[in-house]
**Student:** 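This structure is in structure tokens; I'll ask about it shortly.
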Amino acid sequence: ILDALQALRTGWVDHLMVTITELGSTYVTVAVVAVVSIWFALMRRWRTLGYWVGACAFAAVLVIVLKTGFSRVRPDTPYAVVDPYSFPSGHAALSIVVYGFLAFLVAHGKPGWQKIAVALPAAGIAVLIAFSRLYLGAHWFSDVAASVGLGLAWIGLLCIAYIHHVRELPLRAVPTLLIALTALSFFGTAYAHRYHERDFDRYAKPAALRKLSLDAWQSGEWRSFPRARSEVRGQREEPFSLQWVASTTHVGDVLRAAGWREPALWKSHAAMLWLVPATPIGELPVLPKLHQGQAPSLTFVQPVDTTKRLVLRLWHVADVSDGARGEPLWTGIVTAELSRMEFGLVATARTTGDVAAPLQAFDHAVRSANANVRKETALGMPVLLVW
């Protein structure tokens with residue numbers, strides 16, 4: 001979903017989506033909550049005011065607690081520098097709570113058609129803000145979906161409690177909605193006028209591939225690339241233990257000469273081998289591992305015995321130039337996998353926690369081809385630089 005939306009991005013739609021996402025910013029949301037709170041206080045709707053402030057405050061605190069607790073990594077976009085944590089989406093969760101619960105308060109006690117007339121615009125605002133987070137690549141789909149679910153569950157509980165415990169007269173719909181929409185429009189416009197260009201840069205579509213010189217990469221730019229693989233869920237997985245500057249052809253020649261080979265393709269015959277207990281693990285297809293939603297560009301395996309193999313996965317992350325010549329920069333992981341039968345029926349390949357032996361086998365392969373190899377350390381983990 002992330003890749004599909006990023007592929008569809010265009011300039012004018014980007015500006016529109018940045019404006020929509022700004023309507024869900026903390027500044028605008030707090031302003032709307034404050035203005036509506038003042039209106040409830042002027043109307044002396046104290047219990048309604050209590051529910052309103054409590055609903056919004058609890059949702060905001062819950063988002064902060066969950067973000068800190070889960071520490072889920074965002075998609076690799078410029079906005080990740082501003083806020084590194086992705087789950088849940090504060091924009092989506094708070095827009096659902098603020099505009100959803102306000103719609104309930106306004107529509108409570110009104111005829112059915114008036115409830116629909118109030119609910120549709122509120123739902124539209126919340127859906128647009130949530131979708132803008134996906135379109136701009138600020139969140140994984142699961143972040144936004146979970147945030148919408150959390151918001152709906154919270155306002156559902158609040159609505160039940162409000163119906164049973166609050167006996168105030170129905171709110172005057174027209175002035176309440178006008179005040180809320182005026183606050184949204186005024187503060188949203190003011191915020192966008194001041195910060196739109198900054199936010200547009202923060203949500204800029206990431207370049208397909210970075211370009212850098214070999215000297216810059218060797219001098220320290222290698223540290224600017226992701227330190228660990230990040231699944232679609234945004235959680236950190238295996239650390240990237242190598243970076244390799246080489247053409248696709250050179251990568252294949254070096255590894256094949258050292259006994260590595262391409263894994264079996266996911267075709268019907270190879271897939272059926274998972275059901276044959278005696279199949280050597282080297283003949284089984286490699287299960288996919290994703291980084292930022294992307295499958296590896298190159299995958300190689302080296303069987304150790306019938307039950308163990310080493311797997312090298314490489315992602316093309318940049319292009320490195322050395323004078324007039326340019327070559328791809330690959331970042332990758334080298335893992336060991338053991339075969340195991342599940343329920344006596346299906347073979348599985350489980351990744352072990354052994355990092356040293358697979359990396360040493362790769363190190364031997366590239367050194368045997370007289371490649372330049374430099375050992376570095378990042379966050380306490382070894383990293384091989386090869387060119």
**Student:** Check this for me, if you would: do Arg210 and Asp319 make a salt bridge, where the nitrogen-to-carboxylate-oxygen distance has to be below 4.0 angstrom?
**Tutor:**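 So Arg210 does not pair with Asp319 through a salt bridge.
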**Student:** Taking a hydrophobic cluster as the set of Ile, Leu, Val, Met, Phe, Trp and Tyr residues connected by side-chain heavy atoms closer than 4.5 Å, whether directly or through intermediates, do Ile179 and Ile125 fall within one such cluster?
**Tutor:** yes
**Student:** Determine the sole option in Val32, Thr48, Val53 for which the side chain to side chain contact (heavy atoms under 4.5 Å, CB included) test with Ser37 is passed.
**Tutor:**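 That would be Val53.
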**Student:** Under the 3.5 angstrom rule, does the side chain of Arg309 hit a backbone N or O of Gln302 as a donor-acceptor pair?
**Tutor:** no
**Student:** Looking at Glu221 and Arg223, is there a salt bridge between them, counting it only when a charged N and a carboxylate O are closer than 4.0 Å?
**Tutor:** no
**Student:** Would you say Leu384 ends up clustered with Leu214 if hydrophobic residues are merged whenever their side chains have heavy atoms under 4.5 Å apart, either directly or through other cluster members?
**Tutor:**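 As far as the 4.5 Å side-chain criterion goes, Leu384 and Leu214 are not connected within one cluster.
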**Student:** Go through the steps for Ile163 and His108 under the test side chain to side chain contact (heavy atoms under 4.5 Å, CB included), then give the verdict.
**Tutor:** CA-CA 9 Å; Ile163 291 172; His108 180 57; 3.9 Å; yes
**Student:** Is there side-chain contact between Glu262 and Phe300, with heavy atoms separated by less than 4.5 Å?
**Tutor:**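 Yes. Closest side-chain heavy atoms under 4.5 Å.
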**Student:** Check whether any side-chain N or O of Gln243 sits under 3.5 Å from a backbone N or O of Trp222 as a donor-acceptor pair, and report yes or no.
**Tutor:**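 Yes, the answer is positive, given that a donor and an acceptor are paired below the 3.5 Å cut-off.
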**Student:** Show, in sequence, the C-alpha distance, side-chain angles and deciding distance for Trp260 and Val301, and conclude whether the side chain to side chain contact (heavy atoms under 4.5 Å, CB included) test is met.
**Tutor:** CA-CA 5 Å; Trp260 295 72; Val301 298; 5.5 Å; no
**Student:** Indicate yes or no: at least one non-hydrogen side-chain atom of Leu385 is less than 4.5 angstrom from one of Val373.
**Tutor:** no
**Student:** Let me see the working for Asp354 and Thr352 under side-chain hydrogen bond (donor to acceptor under 3.5 Å, both in side chains), right down to the final yes or no.
**Tutor:** CA-CA 5 Å; Asp354 184 8; Thr352 71; 5.2 Å; no
**Student:** To check you understand the geometry: which heavy-atom pair defines the closest contact between Ala138 and Ser86, and what is its length?
**Tutor:** O-OG, 4.2 Å
**Student:** With rounding to the nearest 0.5 Å, note down the distance linking CG in Leu255 to OG1 in Thr299.
**Tutor:** 11.0 Å
**Student:** Treating Asp201 as the side-chain partner and Arg198 as the backbone partner, does any N or O pair qualify as donor plus acceptor under 3.5 Å?
**Tutor:**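 No; judged by distance alone, with no hydrogens or angles, the pair does not exist.
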**Student:** In Å, rounded to the nearest 0.5 Å, how long is the span from CZ of Arg72 to CZ of Phe87?
**Tutor:**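 Rounded to the nearest 0.5 Å, the CZ-CZ separation comes out at 5.5 Å.
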**Student:** Does a sphere of radius 6.0 Å around NE2 in His364 hold more than 12 heavy atoms from other residues, nucleotides or ligands, not counting ones at 6.0 Å or beyond?
**Tutor:**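 No, NE2 of His364 has 12 or fewer neighbouring heavy atoms, counting only those of other groups under 6.0 Å.
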**Student:** Stepwise, does the ring pair (Phe, Tyr, Trp, His ring centres under 6.0 Å) test hold for Phe225 with Trp330?
**Tutor:** CA-CA 11 Å; Phe225 292 94; Trp330 312 90; over 10 Å; no
**Student:** Would you say His164's side chain and Ile160's backbone share a donor-acceptor pair under 3.5 angstrom?
**Tutor:** yes
**Student:** Could you tell me whether a side-chain N or O of Arg172 sits under 3.5 Å from a main-chain N or O of Val106, the two making a donor and an acceptor?
**Tutor:**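 No; zero donor-acceptor contacts below 3.5 Å.
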**Student:** How far apart are the closest heavy atoms of Arg229 and His291, and which atoms are they?
**Tutor:** CA-ND1, 3.7 Å
**Student:** If hydrophobic clusters are built from ILVMFWY residues whose side chains come within less than 4.5 Å, do Trp52 and Ile38 share one?
**Tutor:** no
**Student:** Just how far is it from atom OG1 of Thr29 to atom OH of Tyr99, taken to the nearest 0.5 Å?
**Tutor:**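 Thr29 OG1 to Tyr99 OH: 5.5 Å, rounded to 0.5 Å.
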**Student:** Taking the side chain as every heavy atom from C-beta outward, state whether Leu212 and Val320 have any pair of such atoms under 4.5 Å apart.
**Tutor:**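 Yes. Closest side-chain heavy atoms under 4.5 Å.
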**Student:** Would you confirm whether the ring centroid of Phe104 sits within less than 6.0 angstrom of the ring centroid of Tyr162?
**Tutor:**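 They qualify: ring centres under 6.0 Å apart.
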**Student:** Can you measure from OG (Ser339) to CG (Leu284) and round to the nearest 0.5 angstrom?
**Tutor:**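 Answer rounded to 0.5 Å: 7.5 Å.
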**Student:** Give the intermediate values and the outcome of side chain to side chain contact (heavy atoms under 4.5 Å, CB included) for residues Phe131 and Ile20.
**Tutor:** CA-CA 9 Å; Phe131 178 75; Ile20 291 173; over 6 Å; no
**Student:** Please find the pair of heavy atoms, one from Leu134 and one from Phe141, that lie closest to each other, and give the distance.
**Tutor:**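 Nearest heavy atoms, Leu134 then Phe141: CD2-CA, 3.5 Å.
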**Student:** Hey, what's the ring geometry for Phe200 with His15, parallel, tilted or perpendicular (30° and 60° as the breaks)?
**Tutor:** parallel
**Student:** Are Leu152 and Trp154 connected in a single hydrophobic cluster, I mean Ile/Leu/Val/Met/Phe/Trp/Tyr linked by side-chain heavy atoms less than 4.5 Å apart?
**Tutor:** yes
**Student:** Using the rule salt bridge (Lys or Arg N to Asp or Glu O under 4.0 Å), only one of Lys289, Arg350, Arg313, Lys308 pairs with Glu337; which is it?
**Tutor:**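 Testing Glu337 for a salt bridge (Lys or Arg N to Asp or Glu O under 4.0 Å) against Lys289, Arg350, Arg313, Lys308 leaves exactly one candidate, Arg313.
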**Student:** Any side-chain heavy atom of His91 within less than 4.5 Å of one from Thr21?
**Tutor:** yes
**Student:** Taking it one step at a time, do Thr335 and Glu238 satisfy side chain to side chain contact (heavy atoms under 4.5 Å, CB included)?
**Tutor:** CA-CA 9 Å; Thr335 57; Glu238 301 93 347; 4.3 Å; yes
**Student:** Of all the heavy-atom pairs spanning Leu158 and Ala55, show the shortest one and how long it is.
**Tutor:** CD1-CB, 3.1 Å
**Student:** Please examine the side chains of Pro175 and Trp39, heavy atoms only from C-beta on, and report whether any two atoms are closer than 4.5 Å.
**Tutor:** yes
**Student:** Got a donor-acceptor contact below 3.5 angstrom from the His139 side chain to the Val144 backbone?
**Tutor:**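 Answer holds: no.
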**Student:** State, with a plain yes or no, whether a side-chain heavy atom of His165 is found less than 4.5 Å away from one of Tyr51.
**Tutor:** yes
**Student:** Main chain of Gly252, side chain of Arg256: is a donor-acceptor contact present, judged purely on distance under 3.5 Å?
**Tutor:**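 Here the side-chain-to-backbone pair exists.
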**Student:** Is a side-chain N or O of Ser25 found less than 3.5 angstrom from the main chain of Glu22, in a donor-acceptor match?
**Tutor:**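 Yes, Ser25 side chain to Glu22 backbone: donor-acceptor pair under 3.5 Å.
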**Student:** Give me the atom names and distance for the closest heavy-atom approach of Val98 to Cys56.
**Tutor:**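 Reported closest heavy-atom pair: CG2-SG, 4.0 Å.
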**Student:** Any donor-acceptor pair under 3.5 Å linking the side chain of Ser95 with the backbone of Ala92?
**Tutor:**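 Side chain of Ser95 to backbone of Ala92, a donor-acceptor pair under 3.5 Å: yes, one is there.
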**Student:** Counting only heavy atoms not in Gln360, do more than 12 fall under 6.0 Å of its CD?
**Tutor:**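 No, CD of Gln360 has 12 or fewer neighbouring heavy atoms, counting only those of other groups under 6.0 Å.
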**Student:** Atom OG of Ser147 and atom CD1 of Ile129: how far apart are they, to the nearest 0.5 Å?
**Tutor:**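 Spacing of OG (Ser147) from CD1 (Ile129) equals 12.5 Å.
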**Student:** Under 4.5 Å between side-chain heavy atoms, hopping through other hydrophobics if needed: is there a path connecting Leu312 to Trp387?
**Tutor:** no
**Student:** Determine whether Leu242 and Thr331 make a side-chain contact, defined as any pair of heavy atoms from C-beta on separated by less than 4.5 Å.
**Tutor:**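 No, their side chains stay 4.5 Å or more apart.
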**Student:** Rounded to the nearest 0.5 Å, how far apart are CG of Asp199 and CE of Met17?
**Tutor:**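 Result: 15.0 Å between the selected atoms.
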**Student:** Aromatic ring centroids of Trp315 and Phe240 under 6.0 Å?
**Tutor:** yes
**Student:** Which pair of heavy atoms, one from Pro328 and one from Ser247, lies closest together, and at what distance?
**Tutor:** CD-CA, 3.9 Å
**Student:** Do Thr26 and Leu94 have side chains that get closer than 4.5 Å, going by heavy atoms?
**Tutor:** no
**Student:** For the side chain of Lys110 and the backbone of Leu171, is there at least one donor-acceptor N/O pair under 3.5 Å apart?
**Tutor:** yes
